[in-house]
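To keep things clear, I will list the structure first and then write my remarks on it.
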There are 2 protein chains.
Amino acid sequence: MSESEAVSEPEQDHSARNKTADPPAGLRERKRAATRQTIERAAVQLALEHGYDTITVEMICHASMVSQRTFFNYFGTKEGVILGTAPPMPDEAATRAFIEGTGSIVGDLVGTIAAAIVDQVPDTELLRLRRQVLQNTPALAAKQMARIVEIEGNLLQVVLDRFRAHGRSEQATPDLLDEARMVVALGAGGMHFAMRAWFETGFNGTPRELVATAVDLINRVTGETPD
Amino acid sequence: MSESEAVSEPEQDHSARNKTADPPAGLRERKRAATRQTIERAAVQLALEHGYDTITVEMICHASMVSQRTFFNYFGTKEGVILGTAPPMPDEAATRAFIEGTGSIVGDLVGTIAAAIVDQVPDTELLRLRRQVLQNTPALAAKQMARIVEIEGNLLQVVLDRFRAHGRSEQATPDLLDEARMVVALGAGGMHFAMRAWFETGFNGTPRELVATAVDLINRVTGETPD
DNA sequence: CGTGAGCTTGCAGTCACTGCATTATTCACC
DNA sequence: GGTGAATAATGCAGTGACTGCAAGCTCACG
């Protein structure tokens, strides 16, 4: 009863853009988004300049002119402000494509997840700075990777759907659930590879290239077994 | 390496009763080991009874009759005392066996790592209690899994050795290093599966059975490609 | 023995994070 | 436009993990 926040949780917020707000949302909402962004930028900025470990929440608050309490209302933790929003699930279309796919199942899974993450971000500048911070702070990079595990449950369902779509049942294969779990686990491993390349060793190339490379490697290593 | 004493109370006088078979250590060293164990047991005990999140380091210190400072001298963090020692690298023989192996490379890798962990401690009572604590504390279980990453660097070397032993060179395959990285990443994923089964859903069976199951699944999913 | 190395401890302090009560804003409705 | 009900921002006081430092204590060894 301490890991999860009690009161307010960092809320999703896709409407926050760099400049003017596209959606004519209420003033309240707009202000909120602005504050959030101010804090985020100040934090990333400071972390880049002085190192994540040496800066304090108080510094961030001072730089962004909010109270410490407000900081924690927005981002539950000091990590939270650097890591940003959690990696998203693939959208409807991508999910369907995966389910009906016929390539190496692990490779397909990694490609699908990675594509979802890559497609997500509009704010490239902030993203780059974030990435730099993670490069200098291995502990944070590890946390970021661990986040993929959070959507593991959903992925499991999708993998099972693919199995069924391919005519496999739990009657024919009693441990089909375990097999799906293993696919997800291996997929997480593949993502681990990709994110390590992306965060730690500054991969010089587009994210798409990175994904292609990773999927290619997985297929080579796992032998491209359809499923 | 070898701790098998049953000193369940703080450093009381254990004058002539010490069946120290292997360690012909000095008094100092023995005392140290005893203290360590006392703290460990108290901590695990308390965590089991009240939950990891609700107990404090002070409670542990009180129960094991050491100062807080001493606690942190032994285990740098509150987590540390529950997680115990980090997972070890496979020994010489196991490593060689892996290098010369011809099975699915990811499966072989997971089998080798898992075997090393399983062989590590002759199923102590403490181990079982630890496992229970992790079952009740997902955040800790996650940390434990993340620990495998710590030996990633060494594993990478071993995988490369296997490649070379099989006649593969970086000249024939320019991105051989990346391929090895991917193998390690997928292997970590496989371990993830096994540890999840072991810690979170109390797998009822011997650790060896679990390993066999996991390797079997990996081979099925990845198509048993030799390498 | 006596002395130095290694352990343990108390203490003071930093920092992340939380609950609660209060004040300031914004919204919804009249 | 004014007003009361949300909602957000803040101050404050506290908890708990963790660290550096400066003793004091214990064991090892000549």
Side-chain angles (χ1 to χ4, degrees), chain A residues 1-11 13 16 21 23-39 42-43 46-47 50-83 137 139-140 143, chain B residues 10-15 18 20 23-39 42-43 46-47 50-83 137 139-140 143:
Chain A
M1 39 188 25
S2 68
E3 281 298 314
S4 301
E5 307 63 43
V7 191
S8 27
E9 166 71 11
E11 290 172 24
D13 138 39
L27 170 60
R28 206 167 234 166
E29 210 169 324
R30 248 177 305 142
K31 254 191 168 172
R32 211 175 146 72
T35 309
R36 164 176 288 267
Q37 238 184 21
T38 303
I39 300 176
L46 283 171
H50 304 107
Y52 174 80
D53 294 321
T54 64
I55 68 174
T56 70
V57 171
E58 198 191 328
M59 286 188 209
I60 300 172
C61 291
H62 179 262
S64 46
M65 298 196 291
V66 296
S67 73
Q68 218 173 29
R69 202 62 189 76
T70 297
F71 174 91
F72 283 110
N73 281 344
Y74 276 87
F75 315 89
T77 66
K78 184 185 168 190
E79 290 178 355
V81 74
I82 302 293
L83 295 185
T137 322
L140 270 191
K143 272 273 176 186
Chain B
E11 40 192 334
Q12 51 184 233
D13 52 294
H14 40 304
S15 32
N18 252 345
T20 49
L27 171 59
R28 204 165 233 166
E29 208 168 325
R30 249 178 303 144
K31 248 189 171 174
R32 211 174 146 70
T35 308
R36 166 174 286 267
Q37 237 183 21
T38 303
I39 300 176
L46 283 171
H50 304 108
Y52 174 81
D53 295 321
T54 64
I55 67 173
T56 70
V57 171
E58 198 191 328
M59 287 189 209
I60 300 172
C61 292
H62 179 260
S64 45
M65 298 199 288
V66 295
S67 73
Q68 220 174 38
R69 203 62 190 75
T70 297
F71 174 91
F72 283 110
N73 281 345
Y74 275 87
F75 315 88
T77 66
K78 184 184 168 191
E79 290 179 355
V81 74
I82 302 293
L83 295 185
T137 321
L140 270 191
K143 273 274 175 186

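Keep in mind that what you see is a predicted model, and the values were worked out from it rather than measured.
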Rounded to whole angstrom units, what separation is found between the [atom1] atom of [X] and the [atom2] atom of [N]?
X: B:Phe72; N: C:dC11; atom1: CZ; atom2: P; answer: 17 Å
X: A:Met65; N: D:dA8; atom1: CE; atom2: P; answer: 21 Å
X: B:Asn73; N: D:dT19; atom1: CG; atom2: P; answer: 10 Å
X: B:Ile82; N: D:dA17; atom1: CD1; atom2: P; answer: 12 Å
X: B:Phe75; N: D:dA17; atom1: CZ; atom2: P; answer: 15 Å
X: A:Arg36; N: D:dA8; atom1: CZ; atom2: C1'; answer: 14 Å
X: A:Met59; N: C:dC17; atom1: CE; atom2: C1'; answer: 17 Å
X: A:Glu58; N: C:dA16; atom1: CD; atom2: C1'; answer: 12 Å

Nearest heavy atoms of [X] and [Y], plus distance in Å:
X: A:Thr137; Y: A:Tyr52; value: OG1-CB, 3.8 Å
X: B:Ile55; Y: B:Leu46; value: CG2-O, 3.7 Å
X: A:Ala63; Y: A:Ala42; value: CB-CB, 4.1 Å

Determine: side-chain N/O of [X] to OP1/OP2 of [N], distance under 4.0 Å, yes or no.
X: B:Thr70; N: C:dT8; value: no
X: B:Tyr74; N: C:dC7; value: no
X: A:Lys31; N: C:dT26; value: yes

I'd like to know if A:Arg28 reaches the base of D:dA6 with its side chain, counting only an N/O donor and acceptor under 3.5 Å. yes
Looking only at N and O atoms, is any donor in the side chain of B:Arg69 or the base of D:dG20 less than 3.5 Å from an acceptor on the other one? yes
Nearest to side-chain heavy atoms of [X], which nucleotide of [options]:
X: A:Arg32; options: C:dC17, D:dA28, D:dA9; answer: D:dA9
X: B:Thr56; options: D:dC18, C:dA16, D:dG16; answer: D:dG16
X: B:Thr35; options: C:dT8, D:dC18, C:dC27; answer: C:dT8
X: B:Leu27; options: D:dT10, D:dA28, C:dT9; answer: D:dA28

Categorize B:Ile55 for me: base, sugar-phosphate, or nothing, with a 4.0 angstrom heavy-atom threshold over every strand shown. sugar-phosphate
For B:Phe71, answer base if it contacts any base atom (sugar-phosphate contacts may also be present), sugar-phosphate if it contacts only those atoms, and nothing otherwise; contact means non-hydrogen atoms under 4.0 Å. nothing
Quick one: pull up CZ in B:Phe71 and NZ in B:Lys78 and give me the separation to the nearest 0.5 Å. 8.5 Å
Separation between CG (A:Asn73) and CZ (A:Arg36), nearest 0.5 Å, reads 11.0 Å
Residue closer to the 5' end of DNA chain D, B:Val57 versus A:Gln68 (nearest nucleotide): A:Gln68
